[in-house]
Amino acid sequence: MKLHEYQSKKLFRNHHIPVPEGHVAHSPDEASVLAERLGGFPVVVKAQIHAGGRGKGGGVKLARSLDEVQSITEAILSRPLVTPQTGSQGKKVRKVLVEQGLDIDQELYFSIIPDRSTAKIMIIASRAGGMDIEEVAASDPDKIIRVLINPLTGIEPSHCKDVVTGLNIPESLADKFSALVENLYGLFIKSDCSLLEINPLVITKQENLIALDAKIDIDDNALFRQKDLLTYRDTDEEDPLEVEASKFNLNYINLDGNVGNMVNGAGLAMATMDLIKNAGAEPANFLDVGGGADEEMVENGFRIILEDENVKGILINIFGGILRCDVLAEGVVTAARKTGINVPVVIRLQGTNVDKGREILAASGLNLITAEDLADAATKISEIVGK
Ligand code: GDP
Ligand code: MN
């Protein structure tokens, strides 16, 4: 689950991590009231969307007067914001963060992520922070430092020292910087983050350390024990079909192609998507209905696939283990009757109760195309959507 910048900064404040003073506004008028309260210029107006690169897309602007706050907020809210991370259609901006502007001396990069290959927590940092960090990582990887922390023993003073030395932090700020790293690590662990990123973490001309930007992702698998953070979920920022699917515990990701597919098991779903691509077509989604899916889940999955207007055909690939083929067949038939399928459906079934499943499909009178094996299924569906 992604958090907005203003939400991440709220968590920062709670953990004694310095952030600029600021508040969220939903309209130009509200923005200027908040700007006035900050008591000085410049003020920074920042689009709040679940995507980075806002600075490059014109979603972060300095305002030097209340009039500018008004006009900048109006401009940001009036059209979709296109950044290197949003795709060409951009993202609708519903709110802005109005913040006190800072006198920046240096922009650093700082992040914490779980590192799967070492099974440790990794701090990544660089002196070359700011909007071009991706280019720095590609062209100048030596400018990036990495510090690994064993999550079982936690962060130790030596880790903080490694970061401070690696970033060449001036002596006068060393203790403050170490305390900051420790606090950030504490927040990362306590909130079950899968990403915590500050770019830029600035040193101001007055020699203060401040998190100018803030990005936090929470591990979805930990949300059951992060109930307080659930209130931060912003479904406006998520794909509507993915939001719908999450209500039924379906693992669904919307993609750009036109072959809808329903599969049980994430590995089989990935393999099915590869086969669709190999056969010359493009998957419209990833959908793992799960090993223990019931008829209702199958029905909801089918309905969600059909709600995607790009879908020109559906491939159902089920290996019946715990999810029996007859349960799947019942679900598909019910869903097809209720939604009135308007696209061809190719089905490949194998496993427990496969004969019973096939009987149900055949007796339904629906126009369902059965496939012999996986390759046959992929070829059939790609021929259909290719027409
Ligand atoms: P992002 O582009 O989505 O990562 O948004 P950021 O919050 O990182 O802002 C982009 C850039 O705007 C930063 O790298 C800064 O250079 C600049 N910026 C943001 N806030 C301030 C500020 O208070 N003062 C100044 N001078 N620049 C700022
Ligand atoms: Mn940033």
Side-chain angles (χ1 to χ4, degrees), residues 2-13 17-25 31 34-66 68-69 72-73 75-77 79-87 90-113 124-137 143-144 167 180 184 193 195-217 234 237:
K2 290 183 179 170
L3 302 192
H4 281 294
E5 176 190 7
Y6 75 93
Q7 296 167 329
S8 306
K9 284 182 169 167
K10 213 172 192 177
L11 290 184
F12 279 10
R13 265 188 212 106
I17 294 144
V19 295
E21 196 187 336
H23 302 279
V24 170
L34 295 175
E36 198 162 15
R37 245 188 256 160
L38 289 175
F41 289 95
V43 157
V44 188
V45 181
K46 309 181 79 178
Q48 297 298 289
I49 53 169
H50 282 184
R54 296 163 304 166
K56 288 192 170 164
V60 177
K61 290 257 159 78
L62 281 176
R64 286 171 196 81
S65 66
L66 285 182
E68 274 187 29
V69 171
I72 288 170
T73 306
I76 290 180
L77 291 175
R79 60 186 92 95
L81 177 59
V82 180
T83 85
Q85 296 181 16
T86 58
K91 281 202 113 166
K92 185 177 163 69
V93 185
R94 294 175 172 84
K95 46 201 163 194
V96 295
L97 177 59
V98 181
E99 258 184 7
Q100 131 201 63
L102 299 176
D103 273 340
I104 301 173
D105 184 35
Q106 286 178 51
E107 299 198 344
L108 310 173
Y109 176 90
F110 182 93
S111 68
I112 311 181
I113 53 161
I124 305 175
S126 176
R127 282 189 69 78
M131 293 196 279
D132 294 321
I133 189 68
E134 284 86 359
E135 281 102 271
V136 172
K143 288 198 175 152
I144 293 176
L167 291 180
L180 181 79
L184 287 165
C193 300
L195 169 76
L196 183 159
E197 182 181 66
I198 307 176
N199 185 34
L201 169 60
V202 304
I203 302 179
T204 63
K205 298 226 165 82
Q206 297 76 26
E207 279 231 320
N208 288 318
L209 270 174
I210 300 183
L212 199 67
D213 194 4
K215 186 172 184 175
I216 286 180
D217 291 354
D234 184 351
E237 291 287 320

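Numbers here simply count residues along the sequence, with the first being 1. Note that this is a predicted model, so its numbers are computed, not measured. Each ligand, and each atom within it, is numbered from 1 in the order the structure gives.
Between Glu5 and Lys46 there is a salt bridge, since at least one side-chain N of the basic residue sits less than 4.0 Å from a carboxylate O of the acidic one. The existence of a salt bridge linking Arg54 and Asp213 is confirmed by a sub-4.0 Å separation between a basic side-chain nitrogen and an acidic carboxylate oxygen.
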Between ligand 1 and the protein, which N/O pairs fall short of 3.5 Å?
from     : atom 1 : to     : atom 2 : distance (Å)
ligand 1 : 2 (O)  : Arg54  : N      : 3.3
ligand 1 : 2 (O)  : Gly55  : N      : 2.8
ligand 1 : 3 (O)  : Gly53  : N      : 3.4
ligand 1 : 3 (O)  : Arg54  : N      : 2.8
ligand 1 : 3 (O)  : Arg54  : NE     : 2.7
ligand 1 : 3 (O)  : Arg54  : NH2    : 3.4
ligand 1 : 4 (O)  : Asp213 : OD2    : 3.0
ligand 1 : 5 (O)  : Arg54  : NH2    : 3.1
ligand 1 : 7 (O)  : Lys46  : NZ     : 2.5
ligand 1 : 7 (O)  : Arg54  : NH2    : 3.3
ligand 1 : 7 (O)  : Asp213 : OD2    : 3.4
ligand 1 : 8 (O)  : Asn199 : O      : 3.0
ligand 1 : 8 (O)  : Asp213 : OD2    : 3.1
ligand 1 : 14 (O) : Glu107 : OE1    : 3.4
ligand 1 : 16 (O) : Glu107 : OE2    : 2.7
ligand 1 : 23 (O) : Leu102 : N      : 2.9
ligand 1 : 24 (N) : Leu102 : O      : 3.2

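Among the backbone and side-chain atoms of Asn199, an N, O or S atom lies under 2.8 Å from the Mn ion (ligand 2). Because the distance cut-off is set at 2.8 Å, Glu197 fails to qualify as a neighbour of the Mn ion (ligand 2), as none of its N, O or S atoms comes that close.
Residue Asp213 approaches the Mn ion (ligand 2) most closely through its N/O/S atom OD2.
Lys61 meets the salt bridge (Lys or Arg N to Asp or Glu O under 4.0 Å) test with no other residue; sequence neighbours excluded. In this structure, the side chain to side chain contact (heavy atoms under 4.5 Å, CB included) partners of Val24, at least two apart in sequence or on a different chain, are Tyr6, His26, Lys95, Leu97.
Shown here is Arg79, whose CZ atom has no more than 12 heavy atoms of other residues, nucleotides or ligands within 6.0 Å. Atom NZ of Lys56 sits in a crowded spot, with more than 12 heavy atoms from other residues, nucleotides or ligands closer than 6.0 Å.
Within the structure, the ring-ring contact (aromatic ring centres under 6.0 Å, His included) test picks out the following pairs touching residues 39-66 (sequence neighbours left out): His4-His50.
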